[in-house]
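Report on the structure given below.
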Amino acid sequence: MSSTEDIRRRIEELRSELNRHNHNYYVLNAPEISDKEFDMLLKELESLEAEHPEFDDPYSPTKRVGSDLSKGFEQVVHERRMLSLGNTYSVEEVDEFVGRCREALPGEDVTIVGEMKFDGTSISLLYEDGRLVRAVTRGDGERGDVVTDNVITIRSIPLQLSGSGWPRRFEIRGEIVLPWKAFERLNQERAFNEEPLFANPRNAASGTLKMQNSAEVARRGLDAWFYYLLGDELPFDNHYDNMMAARSWGFKVSDAMTRLHSIDEVDRYISYWDTARKELPVATDGLVFKVNSLRQQLNLGFTAKSPRWAIAYKFQAERALTPLRFVSFEVGRTGVITPVANLEPVLLSGTIVKRASLHNEDIIRQLDIHEHDHLYVEKGGEIIPKITGVDLDARTVGALPVSFVKVCPACSTPLVRVEGEASWVCPNKYGCRPQIVGRIEHFVGRRMMNIDGIGQETARAMFDAGLISNPADIYSLTETDLLKLDGFGPRSAERVLEGVEQSKSVAFGRVIYALSIPYVGETVAKKLAKSVRDIDTLISMSAEALTEIDDIGPRIAESIVDFFSHQSNREIVERLRQAGLQMASESTQSAGSDRLAGKSIVISGTFTHNSRDRYKEIIEENGGKNVGSISKKTDFILAGDNMGPAKLEKARKLSIPILSEDEFLAMLKSENS
């Protein structure tokens, strides 16, 4: 390009065009260009921004992917309290609500707005001069967590408003949701990794929004719908028109939002959506009815907990009764036996339900399930089918209670009850096919070693063909070996071998997770990698030493020690080391010192160069002590962006020094050198 001004202009053109295409795709569901064309525009923008950092914009479309740098959440007080709504399951009580509003506003026309109650987690967005300034969770209604970095990754949320006519400063509230497709994909991943499944999209959305890794937030595919505009200079004097204006600015506002002028219209609205909601791409748990006029809302006022001008109507959970065909018992990679109710197919919330987990022996006994019982199955807000009861009147005379198996259904080894738990486990860890294959499937998974070309079916085929019997065997595979498998050609073999080679660069924490140490999930594995630094240290540690690590309790510690007490596991680790896998953490900080010895340090705010947890480690590595609150004994505060105003004021009153992270790192570097 000929000049800096031309480059700046092209960057702005690309940002504007990409924002428009994002809106068309994620809000209007009407894309104008192909994914490839979008990606080409995005790559051009990424290249220009990399070459010209002086034109950086934190809300550029290139920032939608998030970051894997952890940041703690600051809390702020809501400018206007986020109250909960009174709710009911009764149509009659909704009618009574409408009647009360009219009685309280005698002689006035009262229009009600009906809208969808999305089943997610509440969010408040603050905009100034058409740009997103801050995103805050509901919290306790008085104050919430600042989650702006995560919200930026949600592509249906406008970072820069379109259209015109918005107030200079306003707040808009809505619901962060996880669409059914994204939810099902996420649970499939978790099931594969034998992680606890999310019971419903609401829990998944809430947990995702509070993750410390915004890149993972971006990957999960959150969405957002908006339902309430607040501010001192709103364009209209009524709720409905304000939300239609918000839609024109780029916000996702439900087409279900409708003005209702009579109780009959309210009742018909409820009747319609009680069925139609099942076709929506996101979870809903009810409807909300609001008085439309803002003046009338003010006149009606609030109770201590909720507005008098709004009410939520909750849908009843959908329930079906279906015969039990039989109970199967399935073996997971850790040996836990899970009973599963196999049912006569039944339609529930738009899907055919054939199976539902019974979780453990205690659940079977609590429900008192007998052979061929008729079972009640619910989904309601729960996408995972749940057995909630038995129709005793339909029980066959003489039917026997369902008995939990005594031996492993795969290898016939007698089961062992886990002390203090409801689980039965097959102890034949190294001779039970589902456990062996399960560990291999886990090892190659996306969140572990991410070996492209080896899915569940391929892993099982390799095991059955005698090509592999443990994860280390994967690194000895040759093209000749792979071509023996049904459906494998030269390209398939090449893809697997490339994936195997690329996995050698996977970080140490993921290697630990991939080993399938019982009770060591992804978070614990990362914690271990940061604390122990290398595999040899981990192998040699006692249970007592392991429990000194934050979040490592006795059960996890004993499981780690037991895992490495088996010679076969140590041999696998050694073979993986020889194959070139990462068996130590990369050092992110120079060796420790006593520079901070005896000093008490408070960390506040969000940081750029390291996460809060990493700064805590750095302080401890250099002899300092992390403290949670400011007092006269505090030596200094390590302050990032968005330091809490209360902490700032207290620090000033006590004349406690405040260091930025650059000053803090420079101090350590200077002293340590």
Side-chain angles (χ1 to χ4, degrees), residues 78-118 122 124 138 141 163 165-175 225-249 251-274 276-277 284-315:
H78 291 295
E79 294 181 9
R80 301 170 179 85
R81 287 191 303 159
M82 292 187 73
L83 299 175
S84 57
L85 295 180
N87 62 68
T88 179
Y89 291 88
S90 165
V91 176
E92 290 75 18
E93 289 186 6
V94 175
D95 294 346
E96 290 172 5
F97 156 77
V98 177
R100 284 197 305 273
C101 291
R102 288 179 173 169
E103 289 173 6
L105 299 164
E108 298 186 28
D109 289 332
V110 178
T111 299
I112 301 295
V113 175
E115 56 193 60
M116 196 59 60
K117 186 176 185 297
F118 294 102
S122 298
S124 168
R138 180 182 182 276
W166 59 77
R168 193 200 71 78
R169 189 174 192 274
F170 69 90
E171 177 186 358
I172 190 166
R173 292 178 180 173
E175 201 82 356
W225 295 82
F226 292 89
Y227 52 73
Y228 193 31
L229 196 67
L230 302 96
D232 296 329
E233 299 175 342
L234 299 183
F236 298 98
D237 64 358
N238 68 86
H239 169 62
Y240 181 84
D241 287 335
N242 280 330
M243 292 313 302
M244 294 306 104
R247 175 185 285 168
S248 73
W249 304 335
F251 294 102
K252 208 166 185 177
V253 178
S254 172
D255 290 335
M257 188 173 286
T258 306
R259 286 171 291 196
L260 306 166
H261 302 90
S262 69
I263 288 178
D264 284 344
E265 289 185 10
V266 169
D267 292 351
R268 286 197 296 272
Y269 186 81
I270 293 173
S271 177
Y272 174 80
W273 282 110
D274 194 26
R277 67 186 171 92
T284 59
D285 62 348
L287 302 168
V288 174
F289 297 94
K290 299 173 183 172
V291 171
N292 189 33
S293 165
L294 301 188
R295 178 186 59 79
Q296 290 176 345
Q297 288 182 9
L298 287 172
N299 289 338
L300 289 167
F302 301 82
T303 68
K305 295 182 179 179
S306 59
R308 290 191 177 93
W309 44 265
I311 192 170
Y313 169 80
K314 304 291 285 290
F315 296 124

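Basis for what follows: all heavy atoms, side chains included, without hydrogens, waters or symmetry-related copies.
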Would I270 and F289 count as a side-chain contact (heavy atoms from CB on, under 4.5 Å) if you check the C-alpha gap in whole Å, the side-chain angles of each, and the deciding distance to 0.1 Å?
CA-CA 10 Å; I270 293 173; F289 297 94; 3.6 Å; yes
Could you tell me which residues satisfy salt bridge (charged side-chain N to carboxylate O under 4.0 Å, His left out) with E171, sequence neighbours excluded, listed by chain and number?
R80, R173
Check: F236 main-chain N/O paired with N242 side-chain donor or acceptor under 3.5 Å
yes
Taken to the nearest 0.5 Å, the spacing of Y227 OH from K252 NZ works out to 15.5 Å
Suppose we screen for salt bridge (charged side-chain N to carboxylate O under 4.0 Å, His left out). Which residues come up paired with R138, at least two apart in sequence or across chains?
none
Tell me, please, which residues at least two apart from T258 pass side chain to side chain contact (heavy atoms under 4.5 Å, CB included).
L260, Y269
Which value, rounded to the nearest 0.5 Å, describes the distance between N292 atom CG and Y240 atom OH?
9.5 Å
Might you point out which heavy atoms bring M116 and A256 nearest each other, and give the distance in Å?
CE-CB, 3.9 Å
Carboxylate-amine/guanidinium proximity below 4.0 Å for D255 and R247:
yes
Candidate pair F170 and W249, rule ring pair (Phe, Tyr, Trp, His ring centres under 6.0 Å), full reasoning:
CA-CA 13 Å; F170 69 90; W249 304 335; 5.4 Å; yes
Please list, chain by chain and in numerical order, all residues satisfying side chain to side chain donor-acceptor pair (under 3.5 Å) with T88, sequence neighbours excluded.
E93
E79 and R169 ion-paired at < 4.0 Å
yes
Counting C-beta onward and ignoring hydrogens, is there a side-chain heavy-atom pair between V288 and I311 closer than 4.5 Å?
no
Could you tell me if the side chain of M244 sits less than 4.5 Å from the side chain of H239, heavy atoms only?
no
Please enumerate all residues that pass side chain to side chain contact (heavy atoms under 4.5 Å, CB included) together with A310, with sequence neighbours excluded.
L85, K290, P307
Indicate every side-chain donor-acceptor pair of residues 100-113 with a distance under 3.5 Å to a residue at least two apart or in another chain.
residue, atom, partner, partner atom, Å
R102, NH2, H261, O, 3.1
E108, OE1, R295, NH2, 2.9
E108, OE1, Q296, NE2, 2.9

Apply side-chain contact (heavy atoms from CB on, under 4.5 Å) to residues E115 and L287 and explain how you reach the verdict.
CA-CA 6 Å; E115 56 193 60; L287 302 168; over 6 Å; no
Does the side-chain contact (heavy atoms from CB on, under 4.5 Å) test come out yes or no for S254 and F118, once each step is laid out?
CA-CA 10 Å; S254 172; F118 294 102; 3.8 Å; yes
Heavy-atom closest pair (E175 atom, S122 atom, distance to 0.1 Å) is OE1-OG, 3.4 Å
Crowding at CZ, F302 (>12 non-hydrogen neighbours, <6.0 Å):
yes
When rounded to the nearest 0.5 angstrom, what distance separates CG in L294 from CG in L230?
9.0 Å
With sequence neighbours left out, the residues meeting side chain to side chain donor-acceptor pair (under 3.5 Å) with D237 are none
Any residue meeting side chain to side chain contact (heavy atoms under 4.5 Å, CB included) with D264, in chain and number order, not counting sequence neighbours
S262, R268
Could you pull out all residues at least two apart from D95 that satisfy salt bridge (charged side-chain N to carboxylate O under 4.0 Å, His left out)?
none
Classify the ring geometry between W309 and Y228 as parallel (under 30°), tilted (30 to 60°) or perpendicular (over 60°).
tilted
Go through the structure and list residues passing side chain to side chain donor-acceptor pair (under 3.5 Å) with R308, not counting sequence neighbours.
none
Under the side-chain contact (heavy atoms from CB on, under 4.5 Å) criterion, do T284 and F315 qualify, and how do the steps go?
CA-CA 9 Å; T284 59; F315 296 124; 4.2 Å; yes
Return the OG to CG distance between S293 and L298, rounded to the nearest 0.5 Å.
8.5 Å
ring-ring contact (aromatic ring centres under 6.0 Å, His included) against F226, all qualifying residues, sequence neighbours excluded:
F251
Partners meeting side chain to side chain donor-acceptor pair (under 3.5 Å) with S306 (sequence neighbours left out)
T303
